[in-house]
Every structure is written in structure tokens, then in C-alpha cells.
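Here is the structure we will look at.
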Amino acid sequence: MNRRNFLKAIGAGLFSFSDEEAAAGTKNIKKEFIGVLTDTTRCIGCRSCEIACGKTHNLLVPDVEKDNALEKERSTSERQRTVVNRYKTEKGIFYVKKQCMHCWQPACSSACLTNAMLKTREGPIIWRSNMCMGCRFCMVSCPFNIPKFEYNKWNPNIVKCDMCWDRLQAGKQPACVEACPTGALIFGMKKDLMEIARTRIYRYPHKYVHQIYGENEVGGTGWLYLAAVPFEQLGFRTDLGNLPYPEYTKEFLYAVPAVILVVPPLLYGLSLLTENDKEDKL
Amino acid sequence: MSIKGVVAFEKKGSLKYILHEMKPRGKMLTPFNIISIPIIILGLVILVIRFVKGLGAVTNLSQDYPWGFWIGFDVVTGVAFAAGAYIITFVVYVMRVEKYHSIAKITVLNGFLAYVFYAGALILDLGKPWNIVNPIIGNSFGYNSVLFLVAWHFLLYMMAQLIEFFPVTAEWLGWKKVKRFMSTLTLGAVIFGITLSLLHQSGLGALFMMAKPKIHPLWYSEFIPLLFLTSSIPAGLSMIIFESTISHRVFRDIIDHNSHTPFEDIIIGLGKGAAISLFIYYFFKAIIFIHGRHWSLITDWWGVWYFIEVFGFVLLPCIMYANGVKSRNLGLIRSAAVITMIGIIINRLNISVITFNWNTPVKYFPSWMEIVVTLMIIFIEIWVLRWVVTRMNVFNYEDSH
Ligand code: SF4
Ligand code: SF4
């Protein structure tokens, strides 16, 4: 590391975000990014997405015929980046696919002290094994409880949907989107997806609730949902607020440079005062 | 250093002297040794399993409880207890209140070791500890991360404390010039250390800011950092009272009884500080409660638990301290210290573990192995502490001038 970087390191250690890159922060991230729209009214619960995901990422490939997994509500796990759950609601049975929401301002990556969890310019949040130190602060911070950890390995990974980042690089769609037989999943730019979602609500105002989950939740997410019933009935948390989660620590982080600039001179001044006091007394 | 020590040192050179000093002194079969040695060995075995088979093999951590006892107790609570060092160095070196000078060295030593062992326990909890170099050498910085800030401050603060304590070590080694030089750095290190402490004590609270949907609203507040900082003061002071009470029994014969201020006065002074800071802490808690309109939340067991914490472990010890100071009742002050410490443990665990996931059915309780490892860390720390105080001039006030 050269001298400049070293000074930067020290400065960063003290100020935590004094670097230009960080100071510019999320402002540089375009509000336009890619995502996926899930229309839960079209999902038939076949779990093809789960199978495709497992195959693509060398994780668990569920035996959907036999495993009866829909019987109880599941969460993503260290063996599955995505799961489909079944909900009995006032309007009948619905299926909801669950995975990372790819937040516009993700709690997980602002928590990550190594930048292993990274918000890409394009939108997906990816995780990099060679940087992660396994502190699990991302898990503590994610409002959707998405990142999972391999507790039973000596060299554990964080497991989380990355929107098939490698496939995207190769110009392909996420595996789950490609595998979905009913078109319940649509991949695209968020603004286009919003357009589609709004049109559907507009055309079928009685079929859909007039809310697109992910439009504003936790500051907006890349993954969006349409539903026929209020989202609480589909296992969504609706109490998370619209404030991006990194905002909750901003105030503290902003106070840091102030403390560093103000406190030491203050203490030094105090110590001079007390020294003089002593001389006066003597 | 004893005369014999000086002679040995001059004859053999410092390395040999250090090796000579490494040998344990005193009786081996004390009750403390008999309890601590097997636990340390068991703890080391558990750690081997942990690093071979993964965290899941020894802890009860789960996907819903990514942080458990090691973080909640060892790191978050341990660092609060280590706050004594920044408070005492402030009082002694910045405010120059001579009364507390005699406990400055031991408090700094305690603080330093607490950071090495309890903040160091963070490493045991890391899934990929070898990648810890990334945020340190600048390979990869997460500037926006509170944990990044806290971890760096731990490191820098340990260095500051090392500088503060080094004159004592230099004296022990007979390095007179080094000692004189290092002593000139003390004030700078103290000021740096206090600043860092203010930030990372509150930073430990800020770690939980994004866990808003998971922590019970009676405990979650945007002011957690402020609460952590304020409560670190009574936590640190109570720890000093507790520790000094014990060390005055255990190390009776090496403590200098001629220091300027009688020990009793020091304890009473610390008790006064604890009473005031506890009251401020209580006041903040009350304001946050009223301001947050939490009345509707106190109708269930969480509410009861909250009031037990606030009244039983903040207000009660505050009153006990105040009365103890007024009536110069050391016993009362010491009991208040113990209750305060329990209260701090409860508070830190409430935020990091107990009320975490309060709204879901999953629960976490530390495995016996997590507890053994924690005990191991505490015991090793005491071993090192004992080794240092029986060799270096930590308690004796006069010589260090
Ligand atoms: S849902 Fe969780 S893991 Fe996914 S981007 Fe948002 S904070 Fe990160
Ligand atoms: S576990 Fe890894 S990815 Fe998650 S916050 Fe820690 S270092 Fe970052």
C-alpha cells in the first residue's frame, strides 16, 4: 500500500466514510436499475424457479414432487437462495417467491465492513467470497432476513440471491425468470417494470391491490411484487417503512468527524487549564 | 523492580530476564488455578472444533440469530466494562485530579487487557477470520459500515492504551530513557484514547440501528448510541470499584498503602461519579420512553422486563450509590456496583440477543460451549493480569514519578 492509500486508510478508520467515493455514497447510484417483477397472481407454485436456482448455483435442487415443502412457510437458507411459499388468503391460495429484494440502498452492503457485499451499478447486490470475513453484520442488518450463513463449514460462505450476476454478464436472464412457465416473473429495468405493474393495476383494478411492493419499501427495491390481497396476508412485512436502511446509521456516522475535530482540542485545552490551575496554587 | 530483579536484568540482558520472569510464581494449587486451568483447556479444545467444523458445531447461532453470546456478552458488554480506562485517564491526566492517580495504571492495564481479550473475541466469531486483513490493510474498505469504524477504533485504542501503559513496562525492564520518552506521549495518547472511546462506545450501539425491525421497540431507539455511551460511564466505574475491591484482597501485599489518598476516599469518589452518571442515564431512558409514547407497549411481559431493567438495575443502584456516598458506606457502594454491572449485562444482552427477534417464534440460548469459551477468555485475561501486576509496578504510586 502506498503512502497516500495508507493515509486514506487512517483517515477512513477515523472518519469511516471520509473517502470521496463513500462521501458521494449512494447519491451516485442511479435510481434506474434492473430488477424483477413478480406477479403473485400468476404464480402456480410449481417451484421451477427453486430448481433452476439450485442447479445454477450448485445448491440444493429440491424434489418438488415429494418434499411437501409448501406445507409450512420457509425462509431462504444456506442451501437455497430462493423459496416459494403458499398462503391461504381471503381470496384463495397464492404463492409467493422469496429471495433478496435487491434494495436500492441496501442495509447489507452498508453494514459490510469489507465491501464484500456490494451494490453494483446495474442494481443487483453481489457477494464476494474472497473479501468477506464472515462477521454476519449483513444478516443482522437486512430488514428482510435474506443473507444466510454456512454455519457448518470451516470456510463458510454467505448465501444470497445475486440475481444471477454471472448470467447477467453473459447477457442472459436470471435462471428463475427463464424457468418460470407462467410468466409470473419479468426481468427488466425497474422503471419499465413499474410501468407494466401500474398498467396491470390500472386495467384490472379489482384483481390487484393498489400497491406495488418494492416501489418505496425500505427506499425502493429492485424486486417488485403485485398481489391480489393485502401484502400482510402473503407473508410480507409492511411495517418496514420507506426510509432506506443505511439512513438509520447516517446520523451517527456524520457525528464522527465532528467528534474527532472538536473533542481532542477541547481536551487539550482543558488539560492546559488544569495545569495552570496547579501552578497558581503552588 | 526489586533489587534482585535489577541485578538479574543487568546480568543476563533483557531477553533472558523476560524469559526468567515468564515462570509462574507462587503456589500453583490455588482454588482459582484449580478451576481455571481445566476450563481454559476445555475452551481451547472447543475452539479447535470450532475452527475445523465451523461455528455451528459449537454454538447455537442460527440464520435468525447471526449474533449470539460471544458478540452480545464478550464484545458488546465487555467493552462497556472496559470504559473505566477512558474515564479515569480523563480525570487524572486531563482534569489532573490527583486523588485518582494511584488507580490510573491498574485501570489502564485492565482496560487494555479487556480490549485485547473481549474485543479480540470478535475474531473467534468471524466465519473467515483470515479475511480480517482486508479492512485493515486497505484491500477493501466498507467506509459506510459502523462495524468498520468500531473495529478500527478498537485497534487504535489498544495502541493508545499500550502507549499509556508502556512507561510501566519500561520501568519493569529498567529502560529509563524509553520510560522518560514514553511518558511524554501519555497526554496525547490519553486525548486520542478518550476521543476514540466516545466514538466506539456509542458505535457499539449504532451497530444495532439497522436491526430496527428485529429489536423490541422498548429497547430500540435512534438514541441507542447515546444510551450506550452514557451507560458506559457507570459500567466502567462500577467495574473499577468491583475490581479494586477484589484486587485489594488478592494483591494485598503488593499494593502501596501509603498513597496520598486513602482507598476509601477513592471508592466514595467513584461511587459519586457512578450515581450521577446513572442518574443521567436513567433520565435519558425516561425521556426516550415518554417521547416515544411507549405506554401501549408495557402491557405484556416485555413491559415488565423493561421496568425490571430500568427500575431494578438503573434507578435502584443509582439510589444505593447516592446513599452509600452520603453515609460513607463502602458495603452499600460495592453492592450498587454489582447491581449496576448486572444491569449493564442485562441491557446489552437485551439489545443484542434477548429482545432480538422478539416478534418471531425462534429463540436462542447460548450453548454450554459458548459459555465455556467465554469463561476461558475471562480466565486467561485474569492470568495475564495477575502475571503483569505481580511483576510490574502497577499498584505502587510513588515509584512511577
Ligand atoms: S433484501 Fe437484504 S440482502 Fe437483499 S439487498 Fe436488501 S438488505 Fe441486502
Ligand atoms: S459477513 Fe461478509 S458480507 Fe456480511 S457484512 Fe460481514 S464481511 Fe460483509
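Below, read A as the first sequence line, B as the second, and so on, with proteins coming before strands; counting in each chain starts at 1. The model shown is predicted, which means the values in this text are computed figures rather than measured ones.
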For the residue pair [X] and [Y], what are the closest heavy atoms and their distance?
X	Y	answer
A:Pro264	B:Ile191	CA-CG2, 3.6 Å
A:Ser129	B:Asn131	O-ND2, 3.4 Å
A:Leu267	B:Phe90	CD2-CE1, 3.5 Å
B:Tyr220	A:Tyr248	OH-CD2, 3.8 Å
B:Ala57	A:Asn152	N-OD1, 3.7 Å
A:Tyr151	B:Pro66	OH-CA, 3.3 Å

Exercise. So, does B:Ser145 use its side chain to make a donor-acceptor pair with the main chain of A:Ala111 at under 3.5 Å?
Worked result: yes
For this session: Report yes or no: does B:Asn134 contribute a side-chain atom to a donor-acceptor pair with the main-chain N or O of A:Asn130 at less than 3.5 Å?
Result: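 Yes, B:Asn134 side chain to A:Asn130 backbone: donor-acceptor pair under 3.5 Å.
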For this session: Go through the structure and list residues passing ring pair (Phe, Tyr, Trp, His ring centres under 6.0 Å) with B:Trp70, not counting sequence neighbours.
Result: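 For B:Trp70, no residue satisfies ring pair (Phe, Tyr, Trp, His ring centres under 6.0 Å) once neighbours in sequence are set aside.
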Check whether [X] gets within reach of chain A through its side chain, its backbone, both or neither, counting any heavy atom under 4.5 Å.
X	value
B:Pro213	both
B:Tyr93	backbone
B:Phe356	side chain

Exercise. Given the rule in the side chain to side chain contact (heavy atoms under 4.5 Å, CB included) test, do A:Leu270 and B:Met95 qualify, once you have shown the distances and angles that lead to the verdict?
Worked result: CA-CA 7 Å; A:Leu270 262 179; B:Met95 302 308 289; 4.0 Å; yes
Exercise. What residue pairs, at least two apart or across chains, pass salt bridge (Lys or Arg N to Asp or Glu O under 4.0 Å) with a residue in residues 129-146 of chain A?
Worked result: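 Of all non-adjacent pairs touching residues 129-146 of chain A, those that pass salt bridge (Lys or Arg N to Asp or Glu O under 4.0 Å) are A:Arg136-B:Asp125.
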Exercise. If contact means a heavy atom pair closer than 4.5 Å, which residues of residues 200-212 of chain B contact chain A?
Worked result: B:Ser202, B:Gly203, B:Ala206, B:Leu207, B:Met209, B:Met210, B:Ala211, B:Lys212
Problem set entry | Within-4.5 Å side-chain heavy-atom neighbours: B:Phe148 and A:Thr114 | no
Exercise. Would you say the side chain of A:Ser271 lies within less than 4.5 Å of the side chain of B:Arg96, judging by non-hydrogen atoms?
Worked result: yes
I need the [X] [atom1] to [Y] [atom2] distance, nearest 0.5 Å.
X	Y	atom1	atom2	answer
B:Leu147	A:Ser110	CG	OG	11.5 Å
A:Glu251	B:Phe223	CD	CZ	7.5 Å
A:Lys148	B:Ser62	NZ	OG	9.5 Å
A:Ser109	B:Asn144	OG	CG	8.0 Å
A:Asn145	B:Lys214	CG	NZ	4.0 Å

Given heavy-atom pairs under 4.5 angstrom as the criterion, report whether the side chain, backbone, both or neither of [X] touches chain B.
X	value
A:Phe149	both
A:Cys135	both
A:Lys153	backbone
A:Asn155	both

For this session: Could you pull out all residues at least two apart from A:Glu78 that satisfy salt bridge (charged side-chain N to carboxylate O under 4.0 Å, His left out)?
Result: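 So A:Glu78 forms no salt bridge (charged side-chain N to carboxylate O under 4.0 Å, His left out) with any residue.
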For this session: Considering only heavy atoms and a distance below 4.5 Å, find which of A:Pro143, A:Cys132, A:Cys142, A:Ala107 pairs most often with chain B.
Result: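 Option with the greatest count: A:Cys132.
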For this session: Evaluate side chain to side chain contact (heavy atoms under 4.5 Å, CB included) for A:Ile260 paired with B:Leu199, printing each intermediate quantity in order.
Result: CA-CA 9 Å; A:Ile260 289 186; B:Leu199 288 171; 3.6 Å; yes
Problem set entry | Audit row: B:Glu222, A:Thr249, side chain to side chain contact (heavy atoms under 4.5 Å, CB included) steps and yes/no | CA-CA 9 Å; B:Glu222 54 191 305; A:Thr249 48; over 6 Å; no
For this session: Flag the one option from B:Thr195, B:Leu226, B:Leu55 with the top tally of heavy-atom pairs under 4.5 Å to chain A.
Result: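 Among B:Thr195, B:Leu226, B:Leu55, the one with the most close pairs to chain A is B:Thr195.
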For this session: Name the member of B:Leu198, B:Val52, B:Ile132, B:Leu61 that forms the most heavy-atom pairs with chain A at distances under 4.5 Å.
Result: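 Counting heavy-atom pairs under 4.5 Å, the top option is B:Leu61.
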Problem set entry | Neighbour count above 12 (heavy atom, 6.0 Å) for B:Lys363 NZ |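 It does: B:Lys363 NZ has more than 12 such atoms within range.
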For this session: Check the surroundings of atom CZ in B:Phe365: do more than 12 heavy atoms from other residues, nucleotides or ligands lie under 6.0 Å from it?
Result: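 No, CZ of B:Phe365 has 12 or fewer neighbouring heavy atoms, counting only those of other groups under 6.0 Å.
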Exercise. Can you list the steps and then say if B:Lys128 with A:Asn157 is a side chain to side chain contact (heavy atoms under 4.5 Å, CB included)?
Worked result: CA-CA 9 Å; B:Lys128 296 162 170 284; A:Asn157 287 333; 3.4 Å; yes
